[in-house]
Amino acid sequence: MIDIKEIRENPERFKKAAADKHFNVDIDKLIEIDSKLKDAKQKLQDILTEKNKVGKEIPKLPDAEKQKAIETLAQLKQQEQDYNETTKNLQPQFDALMLEVPQPADDDVPLGKDDTENVEIKKVGEIRKFDFEPQDHVRLGLALDIMDIERGVKLAGARNYFLKGDGAMLHWAVLRFAVDFMVAKGYTPMSPPMLMKYETMTGTGYYPGSEEQTYRTLDELSLAGTAEVPVTAYYKDEILLAGDLPKKFVALSTCFRREAGAAGKDTYGLYRIHQFDKVEQVIICKNDIEESKKLHAEILANSEGVLQALELPYRVVNVCTGDLGRGQVQKFDIETWMPSRKNYGETHSASRFYEFQARRLNLRYKDPKTKKNLFCHTMNNTVIASPRILIPILELYQTKDGSITIPKVLRPYMNGKEKIARS
RNA sequence: GGAGCAGUGGCUGAGCGGCUGAAAGCGACGGUCUUGAAAACCGUUGUGCCUACGGGCACCGGGGGUUCGAAUCCCUCCUGCUCCGCCA
C-alpha cells in the first residue's frame, strides 16, 4: 500500500506507475473520495470537540441550564450521526481503491510490456553439449520409475504428479540442501502454516487481484502459493526493535497454485504444476532504500550460490515494468537452463517491496533516532523450488545410458548414492 | 461438541461509570558513575489522524447499545485459556 500523502502530492506519478505496470486504478476517483472523506472526518472531529466541551460542563451547571445543554447535545448528536454516515459510506470505497494503487518501479527497472522485454544482466555456467541425443525429464523420469504423472492426473487431475523412489529422495535432497545452505548463512528456518486468512493474503499484496490463482477452502481460508505469505506476515501488527533487524528467514513449504488462465501453457512435464515444494528466503529490514537494495542483492546471491553448488547454468534477468507485480519495485528472475525447453526457464524470483507489504501488514519497528514507528521493508526470493529444479538436474545430469549422475552436493542427502539408474 | 474464565500501552499487569490515555514492573532511550562493560541511581518513553502548530480528535479484541458522560454497564461477534466429552 502507498502512503495517501504521496498520492495527494503527486498523483501523476502513480498514474504512470499503473500504466507502466498494466494495472487499472482510478487515481482521480481516489483523490476525490479522499478529499470528501477528509472533509467529513474534519467536520466530525469539530463536532466531537464541541460535544466534549458541552458534556464536560454539564455536572457544574445549575439545573435550569443543564436542560438546555442536554438539548444542544442532542442536536450535536444528530449532526454527528450524519457525518458518521458519510464517513462509513466513503471509507470502504477509499480502502478498496488504496489497495489497488501500484508502487512505482525503481529507476533501473526496464520499461516493457511483458516478460519478453525483461533484460538479461548476467549469464553464468557452461551449457552442456551432448554427444548423444538427450532426453527430457519426463522420459528420463518415467524410464527410471522415479516419477508418475499418469497416476497423479488420475487421482488429482491435470498438472498433478507423483515422485517416487529416488525421484522423491532427490526432491527432498534438493530441498534439504537448500535449507542447510541458508541456515549456514544465519537464516532462521521456518515451517509455516499455508492456510491463510483473506487479510493475510491482502497484507502481502496477493489480494485483491490473485483470488482466481488461489485455492480457497470452504472455511474461507486460502492455500498460499508461496511461504512468502506466512513468513512476511509473521510479525503482522507488531512493532519490532530496530536492533533486531534485519530478520532473515528461510522457510520450506508446499505451495499451491491454481494456474488459472494458463490452460494449454506448459502442460508438459513438471514445469507448471498445481502443487510443489519450495524453500523461500524472506528478509524484513529497516526502512532504508540502500539497505533494501543491499539485502536484495544478498538474497539474489544466495540463490545463485545454490545453483552454482548444483553446477547448473543460469542467467539473471532484470524484470521489466510490465511483468512486475503491483507491490514490487524491482524483481530479478533467475532462469536455469533446461535442455528440453532449449531455453532458460524461470526457477527463482527475487522481489523487493520497500514498505509496500509492511504498510498493508502494519509491520513496523521503532526507529531509535526519531523515536518514530516506521514501516519495515520486505523482500523475498526463491532458494529452490522442486520439482521444477529437477527438470534441469535430470536433463543436464543424464548420461548416455539413461541414468542420472547425482550432483555432488546432494549425495550426502541421498545416503551417499552417486547415480540413479534403472533397477 | 458441553461448561467456565479472559482479551488494557513494545511486553507483563492494575483499573471496573466522570478525578484514567490509563498505576506498577520489565524493556527501550538519555544521563551520572566506570579504563570499558555490568550493577546502582536520576530522567524520558503508547498509537494513529487532523492542525490555523496554540492545540484538537480517536483508540483499553471487533461491532452495536445504555448514559449528559464508558476501558469500566448491556448485547453480539471474534480470539485465547481451563475443565469435561470425543478422536488419535
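These figures come from a predicted structure and were not determined experimentally. Residue numbers start from 1 in every chain, and the chains themselves are labelled A, B, ... in the order their sequence lines are given, proteins ahead of strands.
Ring geometry, F249(A) versus Y234(A): the interplanar angle exceeds 60°, so the pair is classed perpendicular (tilted spans 30 to 60°).
By the rule that a glycosidic angle within 90° of 0 means syn, rG25(B) does not qualify and counts as anti.
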For nucleotides 48-55 of chain B, list the nitrogen or oxygen atoms of the protein found under 3.5 Å from its nitrogen or oxygen atoms, one pair per line.
| residue | atom | partner | partner atom | Å |
| --- | --- | --- | --- | --- |
| rG48(B) | OP1 | R364(A) | NH1 | 3.3 |
| rC50(B) | O2' | Q42(A) | OE1 | 2.3 |

Show each protein N/O and nucleotides 61-65 of chain B N/O combination with a separation under 3.5 Å, one pair to a line.
| residue | atom | partner | partner atom | Å |
| --- | --- | --- | --- | --- |
| rG64(B) | OP1 | K88(A) | NZ | 2.6 |

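The gap from the C1' atom of rG21(B) to that of rC59(B) amounts to 9 Å, rounded to the nearest Å. Using atom C1' as the reference point in both rA3(B) and rC57(B), the two lie 43 Å apart (nearest Å).
With salt bridges taken as basic N to acidic carboxylate O contacts below 4.0 Å, one links K15(A) and E12(A). Using a cut-off of 4.0 Å between Lys/Arg side-chain N and Asp/Glu carboxylate O, K185(A) and E298(A) are scored as not salt-bridged.
Across the interface with RNA chain B, nearest-nucleotide mapping of K197(A) and K51(A) shows K51(A) to be the residue nearer the 5′ end.
Looking at D244(A) and Y365(A), their side chains never bring a donor and an acceptor atom within 3.5 Å of each other. Counting only N and O atoms by type, the side chains of T226(A) and K278(A) include a donor and acceptor under 3.5 Å apart.
For the ring-ring contact (aromatic ring centres under 6.0 Å, His included) test, no residue two or more places apart in sequence or in another chain qualifies with H137(A). The side chain to side chain donor-acceptor pair (under 3.5 Å) search around E211(A) returns Y198(A), not counting sequence neighbours. Judged as a side chain to side chain donor-acceptor pair (under 3.5 Å), and not counting sequence neighbours, the contacts of N373(A) are K366(A).
In summary, of the residues considered (Q357(A), R326(A), E228(A)), a side chain to side chain donor-acceptor pair (under 3.5 Å) with Y206(A) occurs for E228(A) alone. Among the candidates R258(A), H274(A), R257(A), the single residue satisfying the side chain to side chain donor-acceptor pair (under 3.5 Å) test with Y215(A) is H274(A).
With the 3.5 Å cutoff on both pairing distances, Watson-Crick and G-U pairs in RNA chain B assemble into runs of at least 3 at B:1-7 with B:78-84, B:10-12 with B:24-26, B:27-32 with B:40-45, B:46-50 with B:55-59, B:61-65 with B:73-77.
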